[in-house]
Amino acid sequence: MKYDLHIHTYNSPCAVLKPKTILKIAKKKGLNGIAVTDHNTIKGALEVRKLNKDRDFEVITGSEIKTDKGDLLAYYITKEIRSRNLLDTIDEIKKQGGLIAVPHPFRTMPWLRFRHNISEIAKRIDAIEAFNSRMLFPWENRRAEKIADNCALAKIGSSDAHFSFDIGRAYTLFEGDLRDAIKKKKTKAEGSIILGSISGTLGFFQRRVIHKLRNL
Ligand SMILES: [Zn+2]
Ligand SMILES: [Zn+2]
């Protein structure tokens, strides 16, 4: 199975993707499933799920929560996550039976990094995003992979798509069911960061300029 586990819709201020476009491109790229993970909301995921009529294509309800210590990915949740304190957010996701991954823990920009010792919370989370296609430098992903190994956490790969050309540029490979594969740490993260800086720059303008103009 090949899943892209980090995709933003237009419900994120920095992204433009429509649910219809996401499904079309994800299938064209040969993905078997995706997780829709908008910033601090499951609205986008619910929209994509509603639109998906293909039983062989899984759409996971997710969200990327901005906690006080950095971003956290939540998967298989059913309600909005209200907490913003890292440890409370972990509890809230677990209470909903969700899975937790730390996305892009070692981004070059210090304010976008994960600012809590991962080994301290390793037993309470499930995975590390060991490959994110929007990184600027390969060592950002290499460090993430290493921390996953050191903490014995599952590795996931994802595009962190904000634009159509991002979708499927990184992905998670596994056999059978994703939840099982993550629990057994039998997932593989792969992808490319070649267009990562372009997507990052576009996302910055989208958030700073276009989103603000639209909301005037
Ligand atoms: Zn974003
Ligand atoms: Zn993201």
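Position 1 is the first residue of the sequence; numbering continues from there. Everything numeric here is computed off the predicted structure, so don't read it as measured data. Every number for a ligand or one of its atoms is a count from 1 in the order of the listing.
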- [ ] Check His8 and report its N/O/S atom nearest to the Zn ion (ligand 2), by atom name.
- [x] NE2

Task: Electrostatic pair Arg124:Asp91 at N-O distance under 4.0 angstrom - done: yes

- [ ] Would you give the angle at the Zn ion (ligand 1) between His39 atom NE2 and Cys14 atom SG, to the nearest 10°?
- [x] 90°

Open item on the list: Has Glu190 got a side-chain atom pairing as donor or acceptor with Thr172's backbone, closer than 3.5 angstrom?
Closed with: no

Task: Asp126/Lys183 ion pair, N-O < 4.0 Å - done: yes

Open item on the list: Can you tell me how the ring of Phe114 sits relative to the ring of His116, calling it parallel under 30°, perpendicular over 60° and tilted otherwise?
Closed with: perpendicular

Open item on the list: Could you identify the N, O or S atom of Asp160 positioned closest to the Zn ion (ligand 2)?
Closed with: OD1

- [ ] Please determine if Asp149 and Lys146 form a salt bridge, counting it only when a charged side-chain N lies under 4.0 Å from a carboxylate O.
- [x] no

Task: Identity of the N, O or S atom of Glu64 lying closest to the Zn ion (ligand 2) - done: OE1

Open item on the list: With respect to the Zn ion (ligand 1), please indicate if His162 possesses an N, O or S atom at a distance under 2.8 Å.
Closed with: yes

